[in-house]
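If you're wondering where the values come from, they're calculated on a predicted model, not measured in any experiment. In the text below, chain A, chain B and the rest are named by the order of the sequence lines, each starting its count at 1. Just so you know, these numbers use all the heavy atoms, side chains as well, and skip hydrogens, waters and symmetry mates.
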There are 2 protein chains.
Amino acid sequence: MSSGNPETRKRILDSAWKLLEAAQGREVRMTDIAREAGVSRQALYLHFPARSDLLVATTLHIDEVKDVDARLVRSRSARTGIERLDAFIDAWGNYIPEIYGVGKALMIMGESDEGAKDAWAGRMGAVRHGCHAAIDALDRDGRLTAEHSVERATDILWTLLSVRNWEHLTIDCGWSQSLYIEKVSAMARRLLVADGIDG
Amino acid sequence: MSSGNPETRKRILDSAWKLLEAAQGREVRMTDIAREAGVSRQALYLHFPARSDLLVATTLHIDEVKDVDARLVRSRSARTGIERLDAFIDAWGNYIPEIYGVGKALMIMGESDEGAKDAWAGRMGAVRHGCHAAIDALDRDGRLTAEHSVERATDILWTLLSVRNWEHLTIDCGWSQSLYIEKVSAMARRLLVADGIDG
DNA sequence: CCTTTCACTTGACACTGTGTCAAGTTGCGA
DNA sequence: TCGCAACTTGACACAGTGTCAAGTGAAAGG
């Protein structure tokens, strides 16, 4: 998977992270990352076979540093379905801005590169899994609206929580992050929870 | 805006349309469009200064051929706000698959080309305008939910009806076009219309 | 009949960014 | 002192966009 000095590897990942975050995923070239990391452009290819591999490794690096698992503990240990739904939206919704830069770069690459596309689809598949678990919990409590099947409800929550929707609401519509979380939570309840908005 | 024979121009636009629709916006080069139209690659640049201009012209060409205005008549002449909301979702929601190929190409280009980005943003601004009109109509009838202001409600409808969401629900989740329309209409009502789902 | 002009063709080329290749260089451990 | 691992250096292939200059062919007009 990777040859070379682990410290160099980490420097490359940190540089990619920094630049992609600053540029929100756009126009960050291999040359830029190499310069930022203080290594030659070719050193990048010694550590990562292709740009898409570097981007994927960067998302995993961020997951590790930001401890994504710890963020999901509250969601996984929720007692009720509604609690689980809220906790999941809070965890994932607040994680999106942290990985947006790298994610965006991967999304852009995915339009032309099959490897990048699959990698991003894999990450989003994990999010769908989280959505599914929340819907299942809701269903077990008998609080899932009768209007949708579990699969359809999962599709709806997954779509509501997509990075594209976060992008649209915060960047295109100008919503603050806290407004985003508040409104999206309310929308999820309205769309998915039977009878009303009580917790 | 364009020199040269209008018939050649039309042949280029039709070719671009055909290829972009078939490829769903991906990997259609200037060379491919030229070959399909039976002209030289350079002829394209005599008619359109850049690829983004050709893409924008193609969307406008489709609007003309598909008579987008006629599709919106039912929405504009609706008597009630709810009728207007339904008619707008029906009109726009069913128009998305028709422009998806070219729209996708423009969206992809917009990630790196400022001209393409602005052009697409302009088209989407028109959609937002339609959303705003529907929300206004709902508000005048006193049927807009108290939960959101007119602006926020417009943001929500605009996001719900985004091309990205259509893409996510139909392509990634596998929903049929009719299911998409049905579910999105129901979601819009649930999120935006006060007390229930009656028309 | 000759000339001009328009619409297009032909072929070459600059530019950007990714990825590859081959030949160094440097430092460290056996 | 040998040899290897990690990295550097510089050249190059490739794809796709966009530019440039010269050429062709047909039609319009003096």
Side-chain angles (χ1 to χ4, degrees), chain A residues 1-16 19-20 23 25-58 102 104-119, chain B residues 1-16 19-20 23 25-58 102 104-119:
Chain A
M1 203 123 221
S2 95
S3 62
N5 187 335
E7 282 177 34
T8 305
R9 182 188 150 92
K10 188 179 175 301
R11 250 198 355 269
I12 293 170
L13 292 173
D14 283 332
S15 303
L19 293 180
L20 287 164
R26 287 172 202 228
E27 312 205 345
V28 174
R29 292 165 289 269
M30 295 298 266
T31 306
D32 302 321
I33 297 168
R35 190 181 306 131
E36 177 71 27
V39 298
S40 65
R41 191 170 69 91
Q42 279 55 37
L44 266 55
Y45 288 99
L46 294 175
H47 287 267
F48 308 96
R51 192 176 116 98
S52 59
D53 299 285
L54 170 54
L55 295 181
V56 174
T58 306
V102 190
K104 177 86 179 180
L106 213 37
M107 284 190 279
I108 292 172
M109 253 204 114
E111 305 292 2
S112 59
D113 180 296
E114 218 53 34
K117 186 181 170 183
D118 292 347
Chain B
M1 201 123 223
S2 95
S3 61
N5 187 334
E7 281 177 34
T8 304
R9 183 188 150 91
K10 187 177 176 303
R11 247 195 359 266
I12 293 169
L13 292 173
D14 283 333
S15 303
L19 294 179
L20 287 164
R26 287 177 203 219
E27 313 205 346
V28 174
R29 292 164 290 270
M30 295 298 266
T31 305
D32 301 322
I33 297 168
R35 190 180 306 130
E36 177 71 28
V39 296
S40 66
R41 192 170 68 91
Q42 279 54 38
L44 266 54
Y45 288 99
L46 293 176
H47 286 268
F48 309 96
R51 187 173 183 270
S52 58
D53 298 283
L54 169 55
L55 294 181
V56 174
T58 305
V102 190
K104 176 87 179 179
L106 213 37
M107 286 190 278
I108 293 172
M109 253 205 115
E111 305 292 2
S112 60
D113 181 295
E114 218 52 35
K117 186 181 169 181
D118 292 349

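- Rounding to whole angstrom units, CG of residue B/L55 and P of D/dG18 are separated by 10 Å.
- Panel note: side chain A/D14, backbone A/R11; no donor-acceptor pair is recorded below 3.5 Å.
- Put simply, CG on A/L46 is 11 Å from C1' on C/dT20, counting in whole angstrom units.
- Distance OH (A/Y45) to P (D/dT8): 14 Å, rounded to an integer number of Å.
- If you find the closest nucleotide of DNA chain C to B/E7 and to A/V28, the one lying nearer the 5' end belongs to B/E7.
- Closest approach of A/A43 to A/I12, counting heavy atoms only: O-CD1, 4.4 Å.
- One interatomic measurement links the two molecules: CG of B/N5 to C1' of C/dT9, which rounds to 15 Å at whole-angstrom precision.
- Of the possible polar contacts, one joining the A/D53 side chain to the A/A50 backbone as a donor-acceptor pair under 3.5 Å is found.
- For the pair A/R35 CZ and C/dG17 C1', the interatomic distance rounds to 13 Å; values are reported in whole Å.
- Of the listed nucleotides (D/dG18, C/dT9, D/dA6), C/dT9 has the atom at the smallest distance from the side chain of B/A43.
- Put simply, CG on B/L54 is 16 Å from P on D/dG16, counting in whole angstrom units.
- Going from atom CZ of B/R51 over to atom P of D/dG18 covers 8 Å, rounded to whole Å.
- Computed from coordinates, the B/Q42 CD to C/dT9 P distance equals 9 Å when rounded to whole Å.
- Between A/D32 and A/R29 there is a salt bridge, with a side-chain nitrogen of the basic residue lying less than 4.0 Å from a carboxylate oxygen of the acidic one.
- The shortest distance between the side-chain N/O atoms of B/H47 and the OP1/OP2 oxygens of C/dA7 is not below 4.0 Å.
- On a pure distance criterion of 3.5 Å, no polar donor-acceptor pair joins the side chain of B/R41 and the base of C/dG11.
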